[in-house]
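Each remark here refers to the structure printed beneath this line.
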Amino acid sequence: MTSFKWIACASLALLAGSLPAQEPPQGSGPRMVRRAAAPPPQRTGERADVAMRLVNSMPTIGAMVNGRGPYRFGIDTGAPGYLRVTPALAAALGLQPVGEALMGDPSGGGTTRIPIYRVDSLAFGGLSYGGVSTTSIALAGPVAGLDGIIGIGFFQDLLLSLDYPGGRLGAGPGALPAANGADIVDFTLDRGALITIPLGVGDTLHQVHLDTGNTRHAFFMPADAIAALPTRGTARSIGVARTVSREIPLQEIDLAAPVRAGTTRLPVTAVAWPAVASLGNIGSLALQNMVVTVDQANRRVRIAPGRP
């Protein structure tokens with residue numbers, strides 16, 4: 001989860017899948033703490049087809065956790081890894097900490113230690129995952145009523161489809177065709193984990209994170225990139241972003257050129273800043289009328305208009 005999980009929960013370090021810290025025996029030299037990666041969840045089932053509704057623009061589904069629920073989870077393409085649960089859900093399920101991870105402030109404000117839990121099962125729409133390591137996450141603002149976040153890691157070997165106007169999530173075997181210069185584009189991974197697509201603004205291309213968990217603004221860019229964009233009018237304040245350690249004033253300005261993913265024009269008329277990362281961020285408000293298909297195995301994304 002990237003830039004504007006500032007608003008909801010800041011950003012989790014990629015240690016969310018860590019096991020408890022392992023320390024060397026006493027007397028063996030300096031006490032260096034090592035964290036071993038937890039094994040990935042084990043999946044049963046081949047595909048999912050489940051109702052999806054938007055909660056303040058964020059795609060959400062119902063999922064069973066340890067046989068209980070359904071609970072409401074946001075689907076976040078900007079969340080590396082797997083599962084995050086709210087402290088309230090962790091308490092309701094009686095989850096016990098099995099270690100700790102670091103929650104990083106993407107704006108450079110430091111890190112906070114948070115507990116790691118073990119979830120025996122997570123199930124939704126025909127898919128079930130066992131042995132899931134999860135961390136707690138405090139959701140606030142527009143998504144405060146959710147029970148947690150489902151990250152992009154669950155779909156790493158599946159073709160994921162988020163049909164915003166049709167209200168469905170689909171996942172299963174398959175692949176997108178090669179990038180076609182139209183609605184299918186290749187993506188790269190920023191910092192090894194964040195889906196990054198080329199986004200056209202007028203005549204220029206910019207690399208941005210594809211972040212369905214960003215519910216604050218359709219389009220963010222770093223402050224130092226704004227002057228190079230085609231804009232009109234004057235900048236205006238749109239509030240603040242709250243990270244784990246500070247508040248950051250936000251501004252926006254109208255754009256004087258269309259915004260496109262491939263050749264698909266997105267409903268974006270303004271740009272906000274600053275983006276917390278070094279790249280821009282396109283969020284769910286820009287995807288409201290779209291079907292977003294993510295092929296992680298081949299690093300391709302299709303963004304195309306959908307039908308309600």
Side-chain angles (χ1 to χ4, degrees), residues 2-4 52 54 57-59 75-78 152 155-156 158-172 174-190 194-222 225-233 252-273 275 277-308:
T2 54
S3 297
F4 283 84
M52 182 182 89
L54 302 182
S57 84
M58 188 172 188
I75 304 297
D76 190 350
T77 60
I152 196 67
F155 309 103
Q156 59 189 349
L158 299 173
L159 189 65
L160 170 66
S161 173
L162 302 176
D163 185 343
Y164 278 75
R168 304 296 296 182
L169 177 149
L176 286 174
N180 57 10
D183 59 355
I184 300 175
V185 298
D186 292 322
F187 71 77
T188 58
L189 294 176
D190 180 33
L194 301 174
I195 294 173
T196 306
I197 65 170
L199 192 75
V201 183
D203 296 328
T204 60
L205 282 178
H206 304 268
Q207 297 298 312
V208 301
H209 296 151
L210 179 67
D211 187 3
T212 59
N214 165 14
T215 61
R216 180 63 176 85
H217 198 280
F219 179 35
F220 280 101
M221 285 292 284
I226 299 301
L229 296 176
T231 61
R232 61 187 173 200
E252 74 168 0
I253 192 169
D254 292 331
L255 289 167
V259 175
R260 291 185 171 89
T263 58
T264 300
R265 183 165 178 170
L266 301 179
V268 177
T269 59
V271 59
W273 73 91
S278 60
L279 301 181
N281 181 291
I282 197 79
S284 274
L285 287 168
L287 305 171
Q288 296 293 284
N289 302 317
M290 304 294 158
V291 178
V292 179
T293 307
V294 181
D295 177 354
Q296 291 189 73
N298 295 295
R299 296 193 181 180
R300 298 170 188 152
V301 168
R302 172 189 281 146
I303 300 178
R307 296 180 180 179

* **From CA spacing to verdict: side chain to side chain contact (heavy atoms under 4.5 Å, CB included), T212, V292** => CA-CA 10 Å; T212 59; V292 179; 5.6 Å; no
Considering non-hydrogen atoms only, spot the tightest contact between [X] and [Y] and give its length.
{"X": "L54", "Y": "S57", "value": "CD2-O, 3.8 Å"}
{"X": "P267", "Y": "A286", "value": "CD-O, 3.2 Å"}
{"X": "V301", "Y": "F187", "value": "CG2-CD2, 3.4 Å"}
{"X": "A175", "Y": "N298", "value": "CB-ND2, 3.6 Å"}
{"X": "G280", "Y": "A275", "value": "CA-CB, 4.5 Å"}
{"X": "A257", "Y": "G202", "value": "CB-CA, 3.5 Å"}

Could you check if a side-chain atom of [X] sits within less than 4.5 angstrom of a side-chain atom of [Y], using non-hydrogen atoms only?
{"X": "F220", "Y": "D211", "result": "no"}
{"X": "T293", "Y": "L176", "result": "yes"}
{"X": "I303", "Y": "V185", "result": "no"}
{"X": "L279", "Y": "L194", "result": "no"}
{"X": "R302", "Y": "V291", "result": "no"}
{"X": "R300", "Y": "P177", "result": "no"}
{"X": "F219", "Y": "V201", "result": "yes"}
{"X": "N289", "Y": "P305", "result": "no"}

Can you tell me how far the [atom1] atom of [X] sits from the [atom2] atom of [Y], to the nearest 0.5 Å?
{"X": "L285", "Y": "L266", "atom1": "CG", "atom2": "CG", "answer": "12.0 Å"}
{"X": "L210", "Y": "I152", "atom1": "CG", "atom2": "CD1", "answer": "8.0 Å"}
{"X": "I253", "Y": "R232", "atom1": "CD1", "atom2": "CZ", "answer": "10.5 Å"}
{"X": "I75", "Y": "M52", "atom1": "CD1", "atom2": "CE", "answer": "8.5 Å"}
{"X": "L189", "Y": "Q296", "atom1": "CG", "atom2": "CD", "answer": "8.0 Å"}
{"X": "D186", "Y": "D295", "atom1": "CG", "atom2": "CG", "answer": "10.0 Å"}

* Asked: Who passes salt bridge (Lys or Arg N to Asp or Glu O under 4.0 Å) against D254, sequence neighbours left out?
  -> R236
Donor-acceptor contacts under 3.5 Å from residues 158-171 side chains, at least two apart:
residue, atom, partner, partner atom, Å
D163, OD1, G166, N, 2.8
Y164, OH, S284, OG, 2.7
R168, NE, D49, OD1, 3.2
R168, NH2, D49, OD1, 3.2

Short side-chain to backbone donor-acceptor contact, [X] and [Y], under 3.5 Å:
{"X": "Q207", "Y": "T188", "answer": "no"}
{"X": "N180", "Y": "I184", "answer": "yes"}
{"X": "T264", "Y": "D183", "answer": "no"}

* Taking it one step at a time, do T269 and L255 satisfy side chain to side chain contact (heavy atoms under 4.5 Å, CB included)? -> CA-CA 5 Å; T269 59; L255 289 167; 5.9 Å; no
* To do: Would you please test H217 and N281 for side chain to side chain contact (heavy atoms under 4.5 Å, CB included) and show each step?
  => CA-CA 9 Å; H217 198 280; N281 181 291; over 6 Å; no
* Asked: What pairs with T204 under side chain to side chain donor-acceptor pair (under 3.5 Å), at least two apart in sequence or on another chain?
  -> H206
